[in-house]
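Taking it in order: structure first as C-alpha coordinates, then the write-up.
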Number of protein chains: 2
Amino acid sequence: MNSSLSQSQLLSRQNANQLLDSIEAFLFDCDGVIWKGDKLIDGGKKLVFVTNNSTKSRKQYADKFLSLGISVSEDEIFSSSFAAAMYLQLINFPKHKKVYVIGEQGILEELQLAGFTALGGPVGAVVVGLDQYINYYKLQYGTLCIRENPGCLFIATNRDAVGHMTDLQEWPGAGCMVAAICGSTQKEPIVVGKPSNFLMEFLLKKFDISCSKMCMVGDRLDTDILFGQNAGCRTLLVLSGVTTQSALEDPSNKTQPEYYTSTLSDILDLMT
Amino acid sequence: MNSSLSQSQLLSRQNANQLLDSIEAFLFDCDGVIWKGDKLIDGGKKLVFVTNNSTKSRKQYADKFLSLGISVSEDEIFSSSFAAAMYLQLINFPKHKKVYVIGEQGILEELQLAGFTALGGPVGAVVVGLDQYINYYKLQYGTLCIRENPGCLFIATNRDAVGHMTDLQEWPGAGCMVAAICGSTQKEPIVVGKPSNFLMEFLLKKFDISCSKMCMVGDRLDTDILFGQNAGCRTLLVLSGVTTQSALEDPSNKTQPEYYTSTLSDILDLMT
(Lines give C-alpha, C1' and ligand atoms only; values in the text may rest on other atoms or scores of the structure.)
Protein backbone atom coordinates (compact mmCIF):
# COMPACT_ATOMS: atom_id res chain seq x y z
CA MET A 1 0.00 0.00 0.00
CA ASN A 2 2.21 2.74 -1.31
CA SER A 3 0.60 6.11 -0.78
CA SER A 4 3.49 8.20 -2.07
CA LEU A 5 1.43 9.64 -4.89
CA SER A 6 -1.57 10.70 -2.86
CA GLN A 7 -1.79 13.42 -0.26
CA SER A 8 -0.98 12.61 3.37
CA GLN A 9 -3.86 12.53 5.82
CA LEU A 10 -3.66 14.25 9.15
CA LEU A 11 -4.04 11.57 11.78
CA SER A 12 -7.52 11.73 13.36
CA ARG A 13 -9.38 9.63 15.89
CA GLN A 14 -11.17 7.84 13.08
CA ASN A 15 -8.28 7.00 10.77
CA ALA A 16 -5.99 6.26 13.76
CA ASN A 17 -8.30 3.47 14.83
CA GLN A 18 -8.51 2.17 11.26
CA LEU A 19 -4.72 2.12 11.11
CA LEU A 20 -4.44 0.44 14.49
CA ASP A 21 -6.95 -2.25 13.57
CA SER A 22 -5.12 -3.14 10.40
CA ILE A 23 -1.56 -3.47 11.66
CA GLU A 24 0.32 -5.82 13.96
CA ALA A 25 3.54 -3.91 14.46
CA PHE A 26 4.87 -0.40 14.68
CA LEU A 27 8.35 0.27 13.38
CA PHE A 28 9.64 3.32 15.21
CA ASP A 29 12.40 5.68 14.42
CA CYS A 30 14.04 6.88 17.66
CA ASP A 31 15.67 10.31 17.40
CA GLY A 32 13.04 12.93 16.71
CA VAL A 33 10.24 10.51 17.47
CA ILE A 34 10.75 8.59 20.69
CA TRP A 35 13.14 10.82 22.58
CA LYS A 36 10.75 13.71 22.44
CA GLY A 37 7.76 11.60 23.43
CA ASP A 38 7.33 10.67 27.06
CA LYS A 39 4.95 7.77 26.77
CA LEU A 40 4.92 4.73 24.57
CA ILE A 41 2.15 3.06 22.70
CA ASP A 42 0.80 -0.14 24.17
CA GLY A 43 -2.09 -2.33 23.24
CA GLY A 44 -0.92 -5.64 21.85
CA LYS A 45 1.11 -4.22 18.99
CA LYS A 46 4.68 -5.29 18.44
CA LEU A 47 7.08 -2.37 18.77
CA VAL A 48 10.28 -2.35 16.76
CA PHE A 49 12.81 0.48 16.83
CA VAL A 50 14.65 1.24 13.62
CA THR A 51 17.28 3.95 13.81
CA ASN A 52 19.96 5.26 11.47
CA ASN A 53 21.99 6.49 14.43
CA SER A 54 25.24 4.54 14.07
CA THR A 55 27.00 5.99 17.11
CA LYS A 56 25.24 3.61 19.53
CA SER A 57 25.07 -0.17 19.70
CA ARG A 58 21.76 -1.92 20.40
CA LYS A 59 22.86 -2.36 24.00
CA GLN A 60 23.59 1.35 24.32
CA TYR A 61 20.16 2.03 22.85
CA ALA A 62 18.45 -0.30 25.32
CA ASP A 63 20.29 1.52 28.13
CA LYS A 64 19.11 4.86 26.78
CA PHE A 65 15.51 3.59 26.68
CA LEU A 66 15.91 2.35 30.25
CA SER A 67 17.21 5.75 31.38
CA LEU A 68 13.92 7.14 30.03
CA GLY A 69 12.01 4.57 32.05
CA ILE A 70 11.23 2.37 29.07
CA SER A 71 12.18 -1.29 29.00
CA VAL A 72 13.05 -2.40 25.49
CA SER A 73 14.89 -5.59 24.57
CA GLU A 74 17.95 -5.41 22.34
CA ASP A 75 16.14 -7.75 19.97
CA GLU A 76 13.59 -5.06 19.26
CA ILE A 77 16.22 -2.53 18.23
CA PHE A 78 17.58 -2.28 14.68
CA SER A 79 20.30 0.33 14.43
CA SER A 80 22.40 1.07 11.36
CA SER A 81 25.49 0.04 13.39
CA PHE A 82 23.89 -3.39 13.86
CA ALA A 83 22.90 -3.45 10.18
CA ALA A 84 26.54 -3.00 9.19
CA ALA A 85 27.58 -6.01 11.29
CA MET A 86 24.66 -8.08 9.96
CA TYR A 87 25.53 -7.19 6.39
CA LEU A 88 29.07 -8.51 6.86
CA GLN A 89 27.67 -11.65 8.47
CA LEU A 90 25.20 -12.19 5.65
CA ILE A 91 27.87 -12.06 2.96
CA ASN A 92 30.12 -14.37 5.01
CA PHE A 93 32.79 -11.73 5.29
CA PRO A 94 35.93 -13.66 6.34
CA LYS A 95 36.70 -13.37 10.04
CA HIS A 96 40.44 -13.08 9.39
CA LYS A 97 39.96 -9.87 7.42
CA LYS A 98 39.78 -6.66 9.41
CA VAL A 99 37.16 -3.95 9.18
CA TYR A 100 38.16 -0.31 9.29
CA VAL A 101 35.58 1.90 10.94
CA ILE A 102 35.09 5.58 10.31
CA GLY A 103 32.48 6.09 12.95
CA GLU A 104 31.94 5.78 16.66
CA GLN A 105 31.52 3.26 19.46
CA GLY A 106 28.21 1.77 18.27
CA ILE A 107 29.71 0.34 15.11
CA LEU A 108 32.77 -1.04 16.91
CA GLU A 109 30.59 -2.77 19.51
CA GLU A 110 28.24 -4.35 16.98
CA LEU A 111 31.12 -5.60 14.84
CA GLN A 112 32.74 -7.14 17.91
CA LEU A 113 29.48 -8.83 18.94
CA ALA A 114 29.16 -10.28 15.45
CA GLY A 115 32.71 -11.62 15.70
CA PHE A 116 34.47 -9.21 13.37
CA THR A 117 37.75 -7.50 14.16
CA ALA A 118 38.07 -3.80 13.57
CA LEU A 119 41.37 -2.21 12.50
CA GLY A 120 44.89 -3.66 12.34
CA GLY A 121 45.99 -6.13 9.67
CA PRO A 122 44.53 -6.54 6.21
CA VAL A 123 41.44 -4.40 5.90
CA GLY A 124 38.69 -5.91 3.75
CA ALA A 125 35.86 -3.54 4.57
CA VAL A 126 35.53 0.11 5.49
CA VAL A 127 32.38 0.99 7.44
CA VAL A 128 31.50 4.67 7.49
CA GLY A 129 29.01 6.24 9.89
CA LEU A 130 28.63 9.52 11.73
CA ASP A 131 32.01 10.43 13.23
CA GLN A 132 32.37 13.53 15.39
CA TYR A 133 36.09 12.86 15.51
CA ILE A 134 36.58 12.70 11.75
CA ASN A 135 39.99 13.86 10.56
CA TYR A 136 42.20 13.75 7.49
CA TYR A 137 44.04 10.62 8.52
CA LYS A 138 40.86 8.62 9.04
CA LEU A 139 39.68 9.78 5.62
CA GLN A 140 43.07 8.93 4.14
CA TYR A 141 43.23 5.44 5.58
CA GLY A 142 39.67 4.63 4.55
CA THR A 143 40.34 6.00 1.08
CA LEU A 144 43.55 3.99 0.70
CA CYS A 145 41.87 0.74 1.79
CA ILE A 146 38.95 1.17 -0.60
CA ARG A 147 41.13 2.23 -3.52
CA GLU A 148 44.01 -0.15 -3.09
CA ASN A 149 42.92 -3.31 -1.22
CA PRO A 150 41.46 -5.67 -3.82
CA GLY A 151 37.77 -6.26 -3.18
CA CYS A 152 37.66 -3.98 -0.13
CA LEU A 153 34.02 -3.21 0.73
CA PHE A 154 32.73 0.32 1.30
CA ILE A 155 29.75 0.12 3.64
CA ALA A 156 27.74 3.15 4.78
CA THR A 157 25.60 2.79 7.88
CA ASN A 158 23.35 5.50 6.43
CA ARG A 159 23.46 8.75 4.45
CA ASP A 160 21.44 11.11 6.66
CA ALA A 161 22.60 14.62 5.77
CA VAL A 162 22.18 16.09 9.24
CA GLY A 163 21.00 15.06 12.67
CA HIS A 164 20.01 16.58 15.98
CA MET A 165 23.14 16.35 18.06
CA THR A 166 21.82 19.25 20.07
CA ASP A 167 18.30 20.67 20.23
CA LEU A 168 19.33 24.08 18.93
CA GLN A 169 20.89 23.18 15.63
CA GLU A 170 21.47 20.43 13.13
CA TRP A 171 24.87 18.81 12.81
CA PRO A 172 26.38 16.96 9.85
CA GLY A 173 25.24 13.34 9.79
CA ALA A 174 26.82 10.18 8.44
CA GLY A 175 25.94 11.42 4.96
CA CYS A 176 28.77 13.94 5.35
CA MET A 177 31.48 11.36 6.10
CA VAL A 178 30.09 8.94 3.53
CA ALA A 179 30.11 11.64 0.84
CA ALA A 180 33.70 12.54 1.77
CA ILE A 181 34.81 8.97 1.08
CA CYS A 182 32.76 8.90 -2.13
CA GLY A 183 34.56 12.08 -3.14
CA SER A 184 38.04 10.67 -2.63
CA THR A 185 37.39 7.12 -3.86
CA GLN A 186 34.86 7.96 -6.57
CA LYS A 187 32.96 4.86 -5.48
CA GLU A 188 29.45 4.46 -4.15
CA PRO A 189 28.85 2.66 -0.84
CA ILE A 190 26.60 -0.23 0.10
CA VAL A 191 24.05 1.49 2.36
CA VAL A 192 22.71 -0.77 5.12
CA GLY A 193 20.53 1.59 7.22
CA LYS A 194 17.28 3.29 6.24
CA PRO A 195 16.01 3.68 3.55
CA SER A 196 17.85 0.60 2.19
CA ASN A 197 15.93 -2.64 2.05
CA PHE A 198 18.72 -4.54 3.77
CA LEU A 199 17.59 -3.64 7.27
CA MET A 200 13.95 -4.36 6.42
CA GLU A 201 14.69 -7.79 5.01
CA PHE A 202 16.70 -8.64 8.08
CA LEU A 203 13.88 -7.47 10.31
CA LEU A 204 11.25 -9.42 8.38
CA LYS A 205 13.21 -12.63 8.83
CA LYS A 206 13.20 -12.03 12.56
CA PHE A 207 9.51 -11.27 13.01
CA ASP A 208 6.75 -13.15 11.27
CA ILE A 209 4.68 -10.14 10.25
CA SER A 210 3.96 -9.10 6.70
CA CYS A 211 4.95 -5.60 5.59
CA SER A 212 1.39 -4.48 5.08
CA LYS A 213 0.72 -5.21 8.75
CA MET A 214 3.49 -2.89 9.88
CA CYS A 215 3.48 0.85 10.27
CA MET A 216 6.76 2.75 10.05
CA VAL A 217 6.73 5.82 12.30
CA GLY A 218 9.44 8.40 11.76
CA ASP A 219 10.36 12.04 11.41
CA ARG A 220 12.30 11.94 8.13
CA LEU A 221 10.79 11.66 4.69
CA ASP A 222 13.98 10.59 2.92
CA THR A 223 14.84 7.77 5.33
CA ASP A 224 11.95 6.69 7.56
CA ILE A 225 8.98 7.18 5.29
CA LEU A 226 10.84 6.06 2.17
CA PHE A 227 12.08 3.00 4.06
CA GLY A 228 8.52 2.08 5.03
CA GLN A 229 7.10 2.77 1.57
CA ASN A 230 9.85 0.84 -0.24
CA ALA A 231 8.88 -2.23 1.76
CA GLY A 232 5.14 -1.72 1.42
CA CYS A 233 4.53 -0.75 5.05
CA ARG A 234 1.96 1.73 6.28
CA THR A 235 3.62 5.04 7.15
CA LEU A 236 3.14 7.74 9.78
CA LEU A 237 5.23 10.91 9.84
CA VAL A 238 5.65 12.76 13.12
CA LEU A 239 6.48 16.46 12.88
CA SER A 240 8.46 16.48 16.14
CA GLY A 241 11.81 15.96 14.46
CA VAL A 242 13.53 16.93 11.21
CA THR A 243 10.50 17.45 8.96
CA THR A 244 8.30 20.53 9.25
CA GLN A 245 4.73 20.71 7.99
CA SER A 246 5.78 23.21 5.32
CA ALA A 247 8.49 20.82 4.08
CA LEU A 248 5.89 18.06 3.91
CA GLU A 249 3.54 20.25 1.91
CA ASP A 250 6.23 21.76 -0.32
CA PRO A 251 5.53 20.97 -4.01
CA SER A 252 9.14 19.77 -4.41
CA ASN A 253 8.58 17.01 -1.86
CA LYS A 254 7.83 13.75 -3.61
CA THR A 255 7.50 11.53 -0.53
CA GLN A 256 4.06 11.60 1.07
CA PRO A 257 3.48 9.46 4.16
CA GLU A 258 0.07 7.87 4.49
CA TYR A 259 -0.53 9.75 7.76
CA TYR A 260 1.12 12.53 9.66
CA THR A 261 0.73 13.96 13.13
CA SER A 262 2.54 16.50 15.25
CA THR A 263 4.00 14.29 17.96
CA LEU A 264 3.98 10.70 19.02
CA SER A 265 1.73 11.46 21.97
CA ASP A 266 -1.09 12.35 19.55
CA ILE A 267 -1.37 8.76 18.51
CA LEU A 268 -1.86 7.76 22.13
CA ASP A 269 -4.63 10.25 22.65
CA LEU A 270 -6.33 9.25 19.42
CA MET A 271 -6.21 5.53 20.04
CA THR A 272 -7.96 5.47 23.38
CA MET B 1 39.92 21.89 -32.04
CA ASN B 2 38.45 19.32 -29.72
CA SER B 3 40.11 15.97 -30.21
CA SER B 4 38.25 14.15 -27.47
CA LEU B 5 36.63 11.74 -29.91
CA SER B 6 39.76 10.74 -31.77
CA GLN B 7 42.68 8.75 -30.50
CA SER B 8 45.58 10.53 -28.79
CA GLN B 9 48.86 10.73 -30.65
CA LEU B 10 52.13 9.91 -28.98
CA LEU B 11 54.22 13.05 -29.13
CA SER B 12 56.94 12.70 -31.78
CA ARG B 13 59.59 15.02 -33.21
CA GLN B 14 57.34 15.76 -36.16
CA ASN B 15 54.05 16.47 -34.44
CA ALA B 16 55.82 18.27 -31.56
CA ASN B 17 57.16 20.80 -34.02
CA GLN B 18 53.76 21.15 -35.67
CA LEU B 19 52.24 21.78 -32.25
CA LEU B 20 54.94 24.25 -31.31
CA ASP B 21 54.54 26.17 -34.56
CA SER B 22 50.81 26.54 -34.09
CA ILE B 23 50.62 27.77 -30.50
CA GLU B 24 51.62 30.88 -28.60
CA ALA B 25 51.24 29.73 -25.03
CA PHE B 26 51.56 26.64 -22.92
CA LEU B 27 49.23 26.27 -19.97
CA PHE B 28 50.96 24.01 -17.47
CA ASP B 29 49.63 22.03 -14.61
CA CYS B 30 52.20 21.95 -11.78
CA ASP B 31 51.95 18.88 -9.54
CA GLY B 32 52.75 15.77 -11.53
CA VAL B 33 54.03 17.80 -14.45
CA ILE B 34 56.47 20.51 -13.43
CA TRP B 35 57.72 19.22 -10.09
CA LYS B 36 58.95 16.05 -11.66
CA GLY B 37 60.57 17.81 -14.59
CA ASP B 38 63.91 19.48 -14.11
CA LYS B 39 63.99 21.82 -17.05
CA LEU B 40 61.44 24.18 -18.50
CA ILE B 41 60.45 24.84 -22.03
CA ASP B 42 61.78 28.01 -23.58
CA GLY B 43 61.58 29.41 -27.06
CA GLY B 44 59.34 32.42 -27.20
CA LYS B 45 56.21 30.72 -25.90
CA LYS B 46 54.26 32.20 -23.06
CA LEU B 47 54.17 29.88 -20.05
CA VAL B 48 51.16 29.92 -17.75
CA PHE B 49 50.80 27.66 -14.72
CA VAL B 50 47.31 26.45 -13.87
CA THR B 51 47.01 24.34 -10.73
CA ASN B 52 44.12 22.97 -8.70
CA ASN B 53 46.29 22.86 -5.60
CA SER B 54 44.47 25.19 -3.21
CA THR B 55 46.84 24.87 -0.28
CA LYS B 56 49.29 27.43 -1.69
CA SER B 57 48.86 31.05 -2.73
CA ARG B 58 50.41 32.31 -5.98
CA LYS B 59 53.23 33.82 -3.93
CA GLN B 60 53.89 30.48 -2.25
CA TYR B 61 53.91 28.89 -5.69
CA ALA B 62 56.39 31.43 -7.04
CA ASP B 63 58.60 30.69 -4.03
CA LYS B 64 58.38 26.98 -4.72
CA PHE B 65 59.37 27.57 -8.36
CA LEU B 66 62.28 29.68 -7.17
CA SER B 67 63.43 26.94 -4.78
CA LEU B 68 63.63 24.72 -7.88
CA GLY B 69 65.74 27.35 -9.62
CA ILE B 70 62.90 28.58 -11.83
CA SER B 71 61.87 32.21 -11.86
CA VAL B 72 58.14 32.57 -12.44
CA SER B 73 56.08 35.69 -11.84
CA GLU B 74 52.94 35.48 -9.69
CA ASP B 75 51.03 36.84 -12.69
CA GLU B 76 51.79 33.66 -14.58
CA ILE B 77 50.32 31.43 -11.88
CA PHE B 78 46.62 30.55 -11.71
CA SER B 79 45.85 28.46 -8.65
CA SER B 80 42.40 27.37 -7.51
CA SER B 81 42.97 29.37 -4.29
CA PHE B 82 43.37 32.49 -6.45
CA ALA B 83 40.37 31.47 -8.55
CA ALA B 84 38.21 31.41 -5.41
CA ALA B 85 39.24 34.97 -4.52
CA MET B 86 38.73 36.13 -8.14
CA TYR B 87 35.28 34.55 -8.25
CA LEU B 88 34.22 36.53 -5.18
CA GLN B 89 35.66 39.69 -6.73
CA LEU B 90 33.87 39.08 -10.02
CA ILE B 91 30.46 38.74 -8.40
CA ASN B 92 31.12 41.85 -6.26
CA PHE B 93 30.87 39.85 -3.06
CA PRO B 94 30.36 42.50 -0.34
CA LYS B 95 33.52 43.25 1.61
CA HIS B 96 31.62 43.47 4.90
CA LYS B 97 30.54 39.84 4.63
CA LYS B 98 32.97 37.23 5.88
CA VAL B 99 34.19 34.16 4.08
CA TYR B 100 34.53 30.88 5.93
CA VAL B 101 37.37 28.73 4.64
CA ILE B 102 37.61 24.99 4.90
CA GLY B 103 41.07 24.71 3.47
CA GLU B 104 44.62 25.81 4.05
CA GLN B 105 46.89 28.84 3.94
CA GLY B 106 46.76 29.39 0.17
CA ILE B 107 43.06 30.23 0.19
CA LEU B 108 43.36 32.51 3.22
CA GLU B 109 46.24 34.42 1.63
CA GLU B 110 44.50 34.91 -1.71
CA LEU B 111 41.28 36.06 -0.05
CA GLN B 112 43.23 38.56 2.01
CA LEU B 113 45.08 39.88 -1.06
CA ALA B 114 41.75 40.36 -2.81
CA GLY B 115 40.45 42.31 0.18
CA PHE B 116 38.09 39.72 1.64
CA THR B 117 37.90 38.84 5.31
CA ALA B 118 37.91 35.23 6.34
CA LEU B 119 36.01 34.01 9.43
CA GLY B 120 34.33 35.97 12.22
CA GLY B 121 31.07 37.87 11.76
CA PRO B 122 28.34 37.16 9.23
CA VAL B 123 29.55 34.50 6.84
CA GLY B 124 28.32 34.93 3.27
CA ALA B 125 30.50 32.39 1.52
CA VAL B 126 32.10 29.10 2.42
CA VAL B 127 35.17 28.19 0.38
CA VAL B 128 36.18 24.54 0.49
CA GLY B 129 39.55 23.21 -0.65
CA LEU B 130 41.94 20.48 0.39
CA ASP B 131 42.25 20.54 4.18
CA GLN B 132 44.63 18.19 5.95
CA TYR B 133 43.28 19.52 9.23
CA ILE B 134 39.63 18.82 8.47
CA ASN B 135 37.51 18.01 11.52
CA TYR B 136 33.90 17.73 12.56
CA TYR B 137 33.61 21.31 13.78
CA LYS B 138 34.89 22.78 10.53
CA LEU B 139 32.39 20.61 8.67
CA GLN B 140 29.67 21.64 11.09
CA TYR B 141 30.33 25.36 10.82
CA GLY B 142 30.54 25.26 7.04
CA THR B 143 27.34 23.22 6.91
CA LEU B 144 25.48 25.59 9.21
CA CYS B 145 26.54 28.67 7.22
CA ILE B 146 25.47 27.15 3.90
CA ARG B 147 22.19 25.80 5.25
CA GLU B 148 21.14 28.69 7.42
CA ASN B 149 22.69 31.96 6.23
CA PRO B 150 20.42 33.32 3.49
CA GLY B 151 22.24 33.39 0.18
CA CYS B 152 25.47 31.96 1.59
CA LEU B 153 27.71 30.81 -1.29
CA PHE B 154 29.30 27.36 -1.41
CA ILE B 155 32.50 27.64 -3.46
CA ALA B 156 34.78 24.68 -4.18
CA THR B 157 38.34 25.41 -5.25
CA ASN B 158 38.30 22.08 -7.12
CA ARG B 159 37.01 18.52 -6.85
CA ASP B 160 40.17 16.46 -7.43
CA ALA B 161 39.54 13.10 -5.76
CA VAL B 162 43.13 12.48 -4.71
CA GLY B 163 46.51 14.13 -4.96
CA HIS B 164 50.16 13.31 -4.48
CA MET B 165 50.91 14.58 -0.99
CA THR B 166 53.72 12.05 -0.85
CA ASP B 167 55.38 10.15 -3.69
CA LEU B 168 54.40 6.77 -2.31
CA GLN B 169 50.67 7.08 -2.13
CA GLU B 170 47.70 9.18 -3.06
CA TRP B 171 45.88 11.23 -0.43
CA PRO B 172 42.31 12.54 -0.42
CA GLY B 173 42.05 15.76 -2.40
CA ALA B 174 39.70 18.72 -2.14
CA GLY B 175 37.03 16.50 -3.74
CA CYS B 176 36.81 14.71 -0.42
CA MET B 177 36.08 17.81 1.68
CA VAL B 178 33.81 19.25 -1.01
CA ALA B 179 31.79 16.02 -1.16
CA ALA B 180 31.51 16.01 2.64
CA ILE B 181 29.86 19.43 2.56
CA CYS B 182 27.64 18.35 -0.35
CA GLY B 183 26.60 15.38 1.77
CA SER B 184 25.58 17.45 4.77
CA THR B 185 24.08 20.41 2.92
CA GLN B 186 22.65 18.52 -0.06
CA LYS B 187 23.80 21.41 -2.21
CA GLU B 188 26.22 21.53 -5.11
CA PRO B 189 29.17 23.94 -5.07
CA ILE B 190 30.34 26.55 -7.55
CA VAL B 191 33.64 25.03 -8.76
CA VAL B 192 36.25 27.64 -9.66
CA GLY B 193 39.38 25.52 -10.41
CA LYS B 194 39.97 23.12 -13.31
CA PRO B 195 38.02 21.88 -15.22
CA SER B 196 35.58 24.79 -14.72
CA ASN B 197 35.59 27.53 -17.31
CA PHE B 198 35.82 30.25 -14.68
CA LEU B 199 39.59 30.05 -14.39
CA MET B 200 40.02 29.92 -18.17
CA GLU B 201 37.86 32.97 -18.78
CA PHE B 202 39.80 34.87 -16.16
CA LEU B 203 43.07 33.82 -17.76
CA LEU B 204 41.92 34.77 -21.24
CA LYS B 205 41.06 38.27 -20.08
CA LYS B 206 44.59 38.61 -18.75
CA PHE B 207 46.47 37.37 -21.82
CA ASP B 208 45.55 38.30 -25.33
CA ILE B 209 45.90 34.84 -26.83
CA SER B 210 43.09 32.84 -28.41
CA CYS B 211 42.33 29.41 -26.99
CA SER B 212 43.34 27.61 -30.16
CA LYS B 213 46.81 29.12 -29.77
CA MET B 214 47.24 27.64 -26.31
CA CYS B 215 48.24 24.15 -25.28
CA MET B 216 47.18 22.82 -21.89
CA VAL B 217 49.79 20.46 -20.47
CA GLY B 218 48.76 18.30 -17.53
CA ASP B 219 48.72 14.89 -15.91
CA ARG B 220 44.99 14.50 -15.19
CA LEU B 221 42.34 13.68 -17.75
CA ASP B 222 39.38 14.80 -15.62
CA THR B 223 40.79 18.22 -14.75
CA ASP B 224 43.71 19.32 -16.96
CA ILE B 225 42.78 17.79 -20.30
CA LEU B 226 39.06 18.40 -19.84
CA PHE B 227 39.80 22.01 -18.85
CA GLY B 228 41.82 22.52 -22.02
CA GLN B 229 39.29 20.79 -24.26
CA ASN B 230 36.31 22.64 -22.77
CA ALA B 231 37.95 25.90 -23.79
CA GLY B 232 39.09 24.71 -27.21
CA CYS B 233 42.80 24.58 -26.37
CA ARG B 234 45.30 22.08 -27.74
CA THR B 235 46.06 19.41 -25.13
CA LEU B 236 49.10 17.40 -24.09
CA LEU B 237 48.95 14.73 -21.38
CA VAL B 238 52.12 13.83 -19.51
CA LEU B 239 52.23 10.37 -17.96
CA SER B 240 54.52 11.48 -15.10
CA GLY B 241 51.65 12.12 -12.67
CA VAL B 242 48.24 10.69 -11.89
CA THR B 243 47.36 9.15 -15.27
CA THR B 244 48.93 5.90 -16.44
CA GLN B 245 49.12 4.84 -20.09
CA SER B 246 46.71 1.98 -19.38
CA ALA B 247 44.18 4.41 -17.86
CA LEU B 248 44.50 6.58 -20.98
CA GLU B 249 43.89 3.59 -23.24
CA ASP B 250 41.13 2.06 -21.11
CA PRO B 251 37.87 1.80 -23.12
CA SER B 252 35.99 3.44 -20.23
CA ASN B 253 38.05 6.61 -20.58
CA LYS B 254 36.16 9.18 -22.61
CA THR B 255 38.73 11.98 -22.47
CA GLN B 256 41.46 11.74 -25.09
CA PRO B 257 44.14 14.43 -25.15
CA GLU B 258 45.41 15.49 -28.56
CA TYR B 259 48.94 14.38 -27.63
CA TYR B 260 50.56 12.46 -24.83
CA THR B 261 54.12 11.89 -23.75
CA SER B 262 55.84 10.26 -20.80
CA THR B 263 57.40 13.28 -19.14
CA LEU B 264 57.78 16.96 -19.70
CA SER B 265 61.43 16.61 -20.65
CA ASP B 266 60.37 14.68 -23.77
CA ILE B 267 58.92 17.82 -25.25
CA LEU B 268 62.23 19.58 -24.78
CA ASP B 269 64.14 16.86 -26.56
CA LEU B 270 61.63 16.75 -29.38
CA MET B 271 61.53 20.46 -29.98
CA THR B 272 65.21 21.03 -30.56
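The chains referred to below are lettered A, B, ... by the order of the sequence lines, with proteins before strands, and numbering in each begins at 1.
- In this structure, the separation between OH on B:Y141 and CH2 on A:W171 is 12.0 Å, given to the nearest 0.5 Å.
- Listed here is the closest heavy atom pair of B:G183 and A:A179: CA-CB, 3.8 Å.
- Within 6.0 Å of CD on A:E249 lie more than 12 heavy atoms contributed by other residues, nucleotides or ligands.
- For the residue pair B:V162 and A:S184, the shortest heavy atom distance occurs at CG1-O, 3.5 Å.
- Taking non-hydrogen atoms and a 4.5 Å limit, the residue list of residues 144-153 of chain A in contact with chain B, ordered by number, reads A:L144, A:R147.
- Note that the CD1 atom of A:I134 and the NZ atom of B:K138 stand 13.0 Å from one another [nearest 0.5 Å].
- Contacts with chain A were tallied for B:D160, B:V178, B:N135, B:T185; B:N135 has the most, counting heavy-atom pairs under 4.5 Å.
- Within the 4.5 angstrom heavy-atom criterion, only backbone atoms of A:D131 (N, CA, C, O) approach chain B.
- Proximity to chain B (any heavy atom under 4.5 Å) is shown, for A:Q140, by both the backbone and the side chain.
- Separating the CE atom in B:M177 from the SG atom in A:C176 is a distance of 10.5 Å, to the nearest 0.5 Å.
- Take B:K59 and apply the salt bridge (Lys or Arg N to Asp or Glu O under 4.0 Å) test, not counting sequence neighbours, and it matches B:D63.
- The backbone N or O of B:L130 sits nowhere less than 3.5 Å from a side-chain atom of A:Y136 that would complete a donor-acceptor pair.
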